[in-house]
> 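The following block contains the structure, expressed as structure tokens.
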2 protein chains.
Amino acid sequence: MKLSTKGRYGLRAMIDIGMFSTEEKVSIKSIAERQHISENYLEQLIALLKKAKLVTSSRGARGGYSLSRASDKISLGEILRALEGDLNPVDCVTNNKDNVCEDSDSCATKFVWKKISDSINEVVNNITLKDLVDEQFEIDHLTQEAHIG
Amino acid sequence: MKLSTKGRYGLRAMIDIGMFSTEEKVSIKSIAERQHISENYLEQLIALLKKAKLVTSSRGARGGYSLSRASDKISLGEILRALEGDLNPVDCVTNNKDNVCEDSDSCATKFVWKKISDSINEVVNNITLKDLVDEQFEIDHLTQEAHIG
DNA sequence: GTTATATCCTAGTAAATGAGTTGGAATTAA
DNA sequence: TTAATTCCAACTCATTTACTAGGATATAAC
């Protein structure tokens, strides 16, 4: 019941892009340095974000990534689902033919998994990337002040 | 972000014990048969439930397991935590020294993981085993009727 | 038009985890 | 005494995780 590094690193990458892509494209190298994540691995995570059309890229020198939409139009749910797949604790909640136990319609636990799933999605669908970018700017600002003071 | 079979099978085992331990002790063998779970594997899951003092056992012939408390005094949260460990999506939410990334105090994502964690625990702490046992009796009853009618 | 800086793409790999299996010791009701 | 049961530890096999490695392709700047 844990998120993998895909979700954790990938979200940090998205916040990073949200913070720094206003002026120019953000390169994988610069994200990797700021976030202390392996460049090659980050590349794969950002590929997932690109596939989900959450970021756009430009190749070649001075290329890099930027958000495909304004940060307040990107939900945390979209980001996490792009990185981790659906956020259901158990597959029988979605009606994919495979991975479903044979008795799923006659099993009381199904209702439980649905409730958990709903509550997770309720949370993540109502937080935007902008919320997180703003929060991170705020934290960095306070940390900066603490260093000065 | 998926529950393992520990959580899924283990919960089904708890519901099963809740349904059938009113009269006599419930053996692993009988649970395994009803729930279609490997006996040997189930043994290990029930060991976790016993360690968490959610079930009591008696050994020897006609031995087996029963609930350690009334089913309405056992929450789903206790059961899942016994089987799966804490239900936080990311370890930095709890302040264990290990597994915590170095910047966890200055990371906007921490608030997100906390919110998800809180919402999951809100759900599971407010469902009791009795709710699930009743639900399962109801489902079985309806299924039975469908077969008759 | 060359070069440095990027993204893009595929394959490999070592360690951990998941989901069991195997085999036997200890206990107890009948 | 025996059959049924819990208890316990070790082993196994497949999958997933978290990377690493290496090269192809594109492009801005000189």
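This structure is a prediction, so every number in the text was calculated from the model and none was measured. Chain naming here is simple, since letters A, B, ... match the order of the sequence lines and numbering starts at 1 in each.
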> State whether B:K25 places a side-chain N or O below 4.0 Å from either non-bridging phosphate oxygen (OP1 or OP2) of C:dA29.
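For B:K25, the contact criterion (side-chain N or O under 4.0 Å from OP1 or OP2 of C:dA29) is not met.
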
> Any side-chain N or O of A:S38 below 4.0 angstrom from OP1/OP2 of D:dT20?
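For D:dT20, OP1 or OP2 has a side-chain N or O of A:S38 closer than 4.0 Å.
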
> Kindly say whether, by distance alone, the side chain of A:Q44 makes a donor-acceptor pair under 3.5 Å with the base of D:dT17?
no

> Need to verify one output field. Residue with the more 5' nearest nucleotide on DNA chain C, A:R62 or B:G60?
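Result of the comparison: A:R62.
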
> In this structure, how many angstroms lie between the P atom of C:dC9 and the CD1 atom of A:I46, rounded?
14 Å

> Below 4.0 angstrom from OP1 or OP2 of C:dA19, is there any side-chain N or O of B:T5?
yes

> Over how many whole Å does the gap from B:E39 atom CD to C:dA19 atom C1' extend?
16 Å

> For B:K115, look at atom NZ and say whether over 12 heavy atoms of other residues, nucleotides or ligands are found less than 6.0 Å away.
no

> Answer with base, sugar-phosphate or nothing: what part of the nucleic acid does B:I28 contact at a heavy-atom distance below 4.0 Å?
sugar-phosphate

> Take the protein atom NZ of A:K29 and the nucleotide atom C1' of C:dC8, then report the distance between them rounded to whole Å.
17 Å

> Given D:dG22, D:dA4, C:dA4, identify the nucleotide with an atom nearest to the side chain of A:A61.
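Nucleotide nearest to A:A61's side chain: C:dA4.
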
> Is there a donor N/O on one and an acceptor N/O on the other, under 3.5 Å, for the side chain of B:E43 and the base of C:dT21?
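Counting by modelled atom types and ignoring angles, no donor-acceptor contact under 3.5 Å is found here.
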
> Is the backbone of B:N88 close enough, under 3.5 Å, to the side chain of B:D86 for a donor and an acceptor to pair up by distance?
yes

> Tell me the interatomic distance from A:L49, atom CG, to C:dT7, atom P, rounded to whole angstroms.
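Checked: the CG to P distance equals 13 Å.
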
> Roughly how many Å is it from CG in B:L42 to P in D:dT5, rounded to a whole number?
14 Å

> When you check the phosphate oxygens OP1 and OP2 of D:dC7, does a side-chain N or O of B:K50 lie under 4.0 Å from one of them?
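True: B:K50 side-chain N/O within range (under 4.0 Å) of D:dC7 OP1/OP2.
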
> Any side-chain N or O of B:Y65 below 4.0 angstrom from OP1/OP2 of D:dC7?
yes

> Just to confirm, is there a sub-4.0 Å distance from OP1 or OP2 of D:dA18 to any side-chain nitrogen or oxygen of A:S4?
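Yes, within the criterion.
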
> Looking only at the side chain of B:N40 (C-beta and beyond, no hydrogens), which of the listed nucleotides D:dT27, C:dT22, C:dA29 gets closest?
C:dT22

> Going through the checks in order, is the side chain to side chain contact (heavy atoms under 4.5 Å, CB included) test met by B:F111 and B:I116?
CA-CA 9 Å; B:F111 298 97; B:I116 294 174; over 6 Å; no

> More 5' along DNA chain D: B:G64 or A:Y9, using each one's nearest nucleotide?
B:G64

> Tell me whether B:D16 contacts the main-chain N or O of B:R12 through its side chain, where contact means a donor paired with an acceptor under 3.5 Å.
no

> To the nearest Å, how far apart are B:R12 CZ and C:dA19 P?
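Between P of C:dA19 and CZ of B:R12: 13 Å.
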
> Is the base of C:dA6 touched by the side chain of A:R59 through a donor-acceptor pair closer than 3.5 angstrom?
no

> Can you identify which nucleotide, out of D:dT6, D:dA18, C:dG20, has its nearest atom closest to the B:Y41 side chain?
C:dG20

> Does B:S57 have a side-chain nitrogen or oxygen under 4.0 Å from the phosphate oxygens OP1 or OP2 of D:dC7?
yes

> Whole angstroms only, please: what is the CG-C1' distance between B:L48 and D:dT6?
15 Å

> Specify the separation, in whole Å, of atom NZ of B:K51 and atom C1' of D:dT6.
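About 17 Å, once rounded to whole Å.
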
> Using every non-hydrogen atom in the two residues, find where A:G7 and A:L80 come nearest and quote the distance to one decimal.
O-CD2, 4.1 Å

> Give a yes or no on this: more than 12 heavy atoms of other residues, nucleotides or ligands lie within 6.0 Å of atom NZ of B:K114.
no

